[in-house]
Amino acid sequence: MLPDGWERKTVSDICILQNGNGFKPHQWDTKGLPIIRIQNLNGSSNFNYFSGKPLEKWLVNPGQILFAWAGSKGVSFGPFIWNGPQGVLNQHIFKVFSKGKVDKNWLYLILRSITDKIEGQAHGFKATLVHVKKQDIDTQVVNLPPLPEQKKIAAILSTWDRAIEGTEKLLANSQQQKKALMQQLLTGKKRLPGFTGEWKKTTIGNIAKEISIRNKNRKNYPVISCTKTKGFVDSLSFFNKKVYSDDLSGYKIISRNQIGFPSNHIEEGSIGLQNIHDDAIVSPIYTVFSMGKNADPLFVFAVLKTDHYRQIFAAATNSSVDRRGSLRWSAFSQIKINLPSPPEQKAIAAVLTTADEEITAIESDLSRLRQEKKALMQQLLTGKRRVTVD
DNA sequence: CGTATAGAACCCCGGATTCC
DNA sequence: GGAATCCGGGGTTCTATACG
């Protein structure tokens, strides 16, 4: 079962966990050493500072392995390698020191690999915020390979990390390019070959018509929601729960290629093109509209998604009483839009769709890489698959 | 009916206190 | 004095609903 030369060890055999200090608010300052809190492990650079004389055991230098034993499940809980500035450690976080013949990089990986299990032991009065006992970490059992093999395993997995980083960069590039493309094509700053005609200055009300059909006969349409980043999604999968209301007769019907947005929150950017069902229903608060024959839904939607229009929406909604925004069709329909000829709209939309497809392809590459790395990591760390050490 | 406001769910957190 | 537990909050982002 256990490979030759490997040993069964508990976490307390291979490392020492040393708690951070509970800094009190009156010790906070605006200068001095940053106090490293859980949120800082997860990318936040929102620091309090400690300007007194720090004890040695509080100090954290870059490269130090830390372990957050409280935090959000699957997000801020678990091991992190500190790559921020030198600082002092807040409570709820351990400093992790390797013990004996244990490689630091391997140690990080093995801790990462058992994080789910440790999270499973969590207690706490809310499911999203977990706390574990030191003991629950210390008593976890791991398979410890000889030092050279630890190093080899860590090295192999770091090459995967580099591949993933490379793909992430590729993705960021493509997204950047698409943004630039949108900036150029949707404003008419740059024209696709073969198109010359003047763009028509008009308003949304002139090219689209509000649709306000209630689901009076209570048809069993899927209920969908418009989220900021994903556009329309099925409410059931989005909320992981049932839809709030039992009576869906007041909901509005939205058909394929129509655009909708929750009219009291468009400043958040949640506006979507309905492209997941032939017919579906949305909350009564939504405004739904369909394009006239001279306006291409894909083109119009792409325009409405640009930063420029997001700002227009924000300006129109910020004036409302509680600053939570509301933008009704009467005001929305007056927003100006420049429209090229239908063939040019289609051509531009096609270019953007191609860019989207490229991005989707890279995204799926990325998720495949991550998946494969995870599987490999599992095999290497348990000894199910061996590496050759020279 | 449209609109403004209320309410609900979710996400990401951590200081303070008690226990041993 | 370190470990464990107690105890909610601010912000966001969605839907529900009361009221004209």
Side-chain angles (χ1 to χ4, degrees), chain A residues 12 16-28 35-44 46-48 50 55 57-58 67-77 89-95 121-138 210 212-214 216 223-252 260-272 281-288 316-317 319-333:
Chain A
S12 62
I16 297 167
L17 304 176
Q18 189 188 87
N19 229 331
N21 182 50
F23 288 96
K24 301 262 188 280
H26 68 82
Q27 296 175 286
W28 296 349
I35 300 173
I36 299 165
R37 294 180 292 182
I38 292 170
Q39 61 173 269
N40 304 120
L41 302 181
N42 205 29
S44 163
N46 176 21
F47 286 113
N48 296 317
F50 176 71
L55 295 183
K57 63 181 174 186
W58 301 343
F67 194 108
W69 55 275
S72 300
K73 235 175 185 168
V75 181
S76 56
F77 183 90
L89 198 60
N90 202 19
Q91 59 175 327
H92 296 128
I93 307 172
F94 291 121
K95 270 203 273 188
Q121 321 263 342
H123 54 93
F125 72 103
K126 270 199 180 176
T128 51
L129 180 62
V130 298
H131 292 82
V132 300
K133 299 187 226 180
K134 183 168 182 291
Q135 196 191 335
D136 291 334
I137 304 173
D138 273 338
E210 192 198 6
S212 208
I213 306 170
R214 306 269 171 178
K216 285 249 165 57
V223 182
I224 60 177
S225 279
C226 187
T227 76
K228 199 168 144 183
T229 52
K230 293 182 186 165
F232 278 112
V233 295
D234 285 304
S235 276
L236 285 172
S237 65
F238 180 58
F239 285 106
N240 244 334
K241 277 190 182 210
K242 77 181 200 82
V243 176
Y244 293 116
S245 178
D246 288 333
D247 178 13
L248 300 178
S249 62
Y251 277 50
K252 289 179 182 170
F261 59 89
S263 49
N264 49 358
H265 288 291
I266 190 172
E267 87 283 9
E268 305 293 351
S270 47
I271 180 167
I281 49 177
V282 286
S283 161
I285 203 68
Y286 274 69
T287 296
V288 177
T317 51
S319 56
S320 105
V321 186
D322 63 354
R323 295 177 50 80
R324 296 166 82 171
S326 68
L327 185 55
R328 313 293 158 186
W329 179 252
S330 54
F332 185 86
S333 62

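This one's a predicted model, so the numbers in the text were calculated from it and none came from an experiment.
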Spacing between [X] atom [atom1] and [N] atom [atom2], to the nearest angstrom:
| X | N | atom1 | atom2 | answer |
| --- | --- | --- | --- | --- |
| F77(A) | dG14(B) | CZ | C1' | 15 Å |
| N46(A) | dG14(B) | CG | P | 8 Å |
| H92(A) | dG15(B) | NE2 | P | 8 Å |
| K24(A) | dG1(C) | NZ | P | 13 Å |
| I281(A) | dC14(C) | CD1 | C1' | 16 Å |
| I224(A) | dC14(C) | CD1 | P | 13 Å |
| F261(A) | dC14(C) | CZ | C1' | 16 Å |
| D136(A) | dA4(C) | CG | P | 8 Å |

Inset, instruction - Would you give the length of the straight line joining atom OH of Y286(A) to atom OG of S270(A), rounded to the nearest 0.5 angstrom? - result: 6.5 Å
When you check the phosphate oxygens OP1 and OP2 of [N], does a side-chain N or O of [X] lie under 4.0 Å from one of them?
| X | N | value |
| --- | --- | --- |
| T227(A) | dT13(C) | no |
| N19(A) | dG2(C) | no |
| Q135(A) | dA3(C) | no |
| Y251(A) | dA16(C) | yes |
| R328(A) | dG2(B) | no |

Legend entry - Any side-chain donor near an acceptor of the partner, W69(A) and D136(A), under 3.5 Å: no
Hey, does [X] reach any base, or is it just sugar-phosphate, or nothing, if we go heavy atoms under 4.0 Å?
| X | answer |
| --- | --- |
| W28(A) | sugar-phosphate |
| Y286(A) | sugar-phosphate |
| I285(A) | base |
| S76(A) | sugar-phosphate |

The side chain of [X] is closest to which nucleotide in this list: [options]?
| X | options | result |
| --- | --- | --- |
| P284(A) | dG15(B), dA16(C), dG14(B) | dA16(C) |
| H131(A) | dC14(C), dG14(B), dC13(B) | dG14(B) |
| W69(A) | dG14(B), dA16(B), dT5(C) | dT5(C) |
| K134(A) | dA4(C), dG14(B), dC13(B) | dA4(C) |

Inset, instruction - Between N90(A) and V75(A), name the one whose nearest nucleotide on DNA chain B is closer to the 5' end. - result: V75(A)
Legend entry - 5' priority, DNA chain B, between S330(A) and G22(A) [closest heavy atom]: S330(A)
Do [X] and [Y] come close enough that some side-chain heavy atom pair is under 4.5 Å?
| X | Y | answer |
| --- | --- | --- |
| H131(A) | H92(A) | yes |
| I35(A) | W28(A) | yes |
| C226(A) | V282(A) | no |
| K95(A) | L89(A) | yes |

Inset, instruction - Establish whether the base of dA16(B) is bridged to the side chain of Q91(A) by a donor-acceptor pair shorter than 3.5 Å. - result: yes
